[in-house]
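These notes concern the structure reproduced below.
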Amino acid sequence: MINKEIRVRYAPSPTGYIHIGNLRTALYNYLFARHTGGKFIVRIEDTDQARKVEGAVENLIATLKWAGLDYDEGPEKGGDYGPYYQSERLDIYKTHVDILLQKKKAYYCFCSAERLTALREEQQKQKLNQTKYDKRCLQLSDEEVSANIAKGMPHVVRLNVDPSSTIKFKDDVRGDVEFSGEVVDDQVLIKSDNYPTYHLANVIDDHLMKITHVIRGEEWLPSTPKHVLLYEAFGWDVPVFAHLPLLLNPDRSKLSKRQGDVAVEDYRKKGFLSEALINFIALLGWTAGDDKEFYYIDELIKSFSLDRVNKSGAVFDIEKLNWLNAEHLRRKSDTELIQMLRDDLKTSKYSGNEYSDEYLLKVIHAMKERVSFVQEFYEKGSYFFEEPASYEEAALKKRWKEESPAILSKYSEKISTYENPVKEDFEKILHETAAEMNVGNGNVIHPLRLATSGVSGGPGIFEILDIIGRDKTITRINAILEKLK
RNA sequence: GCUCCCAUCGACUAGGGGUUAGGUCACCACUCUUUCACAGUGAAAACACGGGUUCGAAUCCCGUUGGGAGCGCCA
């Protein structure tokens, strides 16, 4: 065990999208592997024929790539311990289950689904401690079993659990955990369609792929005794487990679709930066112990350790994610920001327009401290991309005075004498206008802001005017005078 | 119902026998800015409860309560 290379895996089932909780699991596996210099493996758990979803694996890989979680072995990449799709490892499970059958650690069961349902209902009615299979088929003689199989009777293979046993295992986040064999059901290992169940395939693959640490969600804790029993039945070393605290809805139930977005894809579509999402979910259940909140992934790798993972569930609070997104966005370079804005613009209603880098950069500088998302550059700063369609009601009420039209006309008039006014000119003219009209600067600034941007907030007025330029300023002044006549 | 897990501000968390129980998000106020934001300053805000151990418990132990997960031929 000493000096053995650390190998961890992320083992999703391809159901169409990555749940945000699963991304966190993948992230912790990734961080642990990278921190320790170990290997991070991706394995596709596609043993449920009924739940197969077309394109799910591609989506999964794309999402991992977007998140920046590169893996060492897995689909599309290969590795020494493949195949990395469970559906391509069926013969492996078959040979292994035969060993269990031979050792009498597992047995064939011919009970029908109806009998099982009836049994469960009966047990529930009797308010028995737990519902579990009654081991009836264990009584079958070898001859009966062979005869049944020869007849083509549908069957499964079950794990033969000794109720008198005690199952103990080590969990790196929870310490020592103990279960009584009494409460462990004779788990189905091979389904009647000949596919293995998760429990069987998972244990065999983890062993064969030399997985040293099983890092997964807490929802797996109750089935871990089954897995331990399987390792023992095979005579294999049991890996170290680390059951991660659950990600929670605001009402503290397990994070679910009903109470918001759970697909990583949803957050991506909303414009969240992968860096921000990664930073955020890393802190949901883990802390370095200091007061650092802002992390890039390489910093996470450097500080991550399993022993600082929390035990209790963490509510997914979108507010903090929003904040982190803004923080990450603000630290991007101009070049990056221009590119991101361009890409985003392509899918916006301004997709037909052409903008120079110089222009976009001005917008970015003006808006950088005011946005949390890339798309907000043109949503909150729409006036850099089109004329205001309407004027903010409250601001109008507060700032639009009887003399405003005259003031704006004066401003417009003065500015038209300039060939190419710059920021300082716009300011100078403002002071002149205020003086000549015998009003305070505010009486010019606010109506001007409304006319050119339509809203009361935003960058400094001279910066706005400088960006949109003389002609648009004049056009917009004329427009508001016309509209508010 | 049973099994297991968990319990510090609204949220994420630090602390883990002696602390004015610290930080971050959100919220509020002030400063800066004739706007908004950023930034800065400040405020408000928590050890679930009961026993025990101890000179001393948020911290260790037990119990209670509360919450969660799991109890499939799904993963």
Side-chain angles (χ1 to χ4, degrees), chain A residues 11-15 22 45-48 50-51 86 109 111-113 116-117 120 123-124 126-132 154-158 171 173-174 177-180 182-185 187-199 201-202 216-225 243 245-246 248 250-254 280 283-294 308 310-324 326-327 330 366-372 380 395 398-399 440-446 449-450 453 455-461 464:
Chain A
S13 62
T15 52
N22 286 137
E45 310 237 325
D46 55 350
T47 54
D48 187 355
R51 293 213 308 184
Q86 289 190 327
C109 171
C111 291
S112 65
L116 263 19
T117 313
R120 230 187 320 267
Q123 288 173 338
Q124 273 161 4
Q126 288 181 272
K127 291 210 193 303
L128 244 46
N129 288 354
Q130 64 273 155
T131 58
K132 48 189 262 195
H155 59 272
V156 301
V157 176
R158 284 181 183 277
D171 188 301
V173 347
R174 276 151 228 286
V177 185
E178 196 177 306
F179 285 83
S180 160
E182 241 173 290
V183 300
V184 184
D185 199 3
Q187 182 61 46
V188 169
L189 266 19
I190 298 280
K191 299 180 257 187
S192 53
D193 66 359
N194 264 319
Y195 273 73
T197 56
Y198 165 84
H199 307 284
N202 188 268
R216 62 195 351 177
E218 196 198 317
E219 68 267 29
W220 292 108
L221 197 53
S223 44
T224 305
H243 287 96
L246 258 19
L248 272 25
D251 71 356
R252 303 204 80 85
S253 56
K254 189 171 152 183
F280 177 61
L283 261 18
L284 248 31
W286 172 85
T287 163
D290 53 21
D291 290 336
K292 191 170 163 67
E293 302 276 347
F294 183 94
R308 290 207 60 94
N310 263 311
K311 292 182 175 73
S312 47
V315 173
F316 188 95
D317 176 26
I318 196 88
E319 295 287 355
K320 194 157 184 180
L321 211 207
N322 287 339
W323 170 73
L324 272 172
E327 289 294 309
R330 280 187 203 117
M367 296 299 291
K368 207 170 174 177
E369 303 300 321
R370 282 161 251 269
V371 301
S372 298
K380 283 190 171 174
K398 189 174 174 192
R399 308 291 195 186
N441 291 337
N443 291 313
V444 189
I445 290 175
H446 297 297
R449 178 180 287 284
L450 264 173
S453 77
V455 292
S456 59
I461 183 64
I464 294 179

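First the proteins, then the strands, lettered A, B, ... as listed; each starts at 1.
For a distance-only test at 3.5 Å, the side chain of Glu293(A) qualifies as a donor-acceptor partner of the base of G23(B).
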Contact list (N/O, under 3.5 angstrom) for nucleotides 61-65 of chain B vs protein:
none

Report, one pair per line, the protein and nucleotides 7-10 of chain B atoms (nitrogen or oxygen only) whose separation is under 3.5 Å.
none

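Distances from the side chain of Leu116(A) to the nucleotides U35(B), C25(B), C73(B) place C73(B) closest. Checking A14(B), U35(B), C73(B) against every side-chain atom of Arg158(A), the shortest atom distance belongs to C73(B). Checking A75(B), U35(B), U13(B) against every side-chain atom of Tyr198(A), the shortest atom distance belongs to A75(B). In the set C73(B), G68(B), G23(B), the nucleotide with an atom closest to the side chain of Lys320(A) is G23(B). Nearest to the side-chain atoms of Arg330(A) among the listed nucleotides A14(B), C38(B), C5(B) stands C38(B). Ranking A14(B), U3(B), A75(B) by closeness to the Phe179(A) side chain, first place goes to U3(B). Closest to the Ser192(A) side chain, of the nucleotides C73(B), C5(B), G70(B), is C73(B).
Among residues two or more places apart in sequence or in another chain, the salt bridge (charged side-chain N to carboxylate O under 4.0 Å, His left out) test is passed with Arg174(A) by Glu218(A).
Both Ala11(A) and Val315(A) lie near RNA chain B, and the one whose nearest nucleotide falls closer to the 5' end is Val315(A).
A side-chain donor-acceptor contact under 3.5 Å links Asp251(A) and Ser253(A).
Of the possible donor and acceptor atoms, one in the side chain of Thr224(A) sits under 3.5 Å from a partner among the backbone N and O of Trp220(A).
Side-chain contact between Val173(A) and His243(A) is absent, with no heavy atoms from C-beta onward closer than 4.5 Å.
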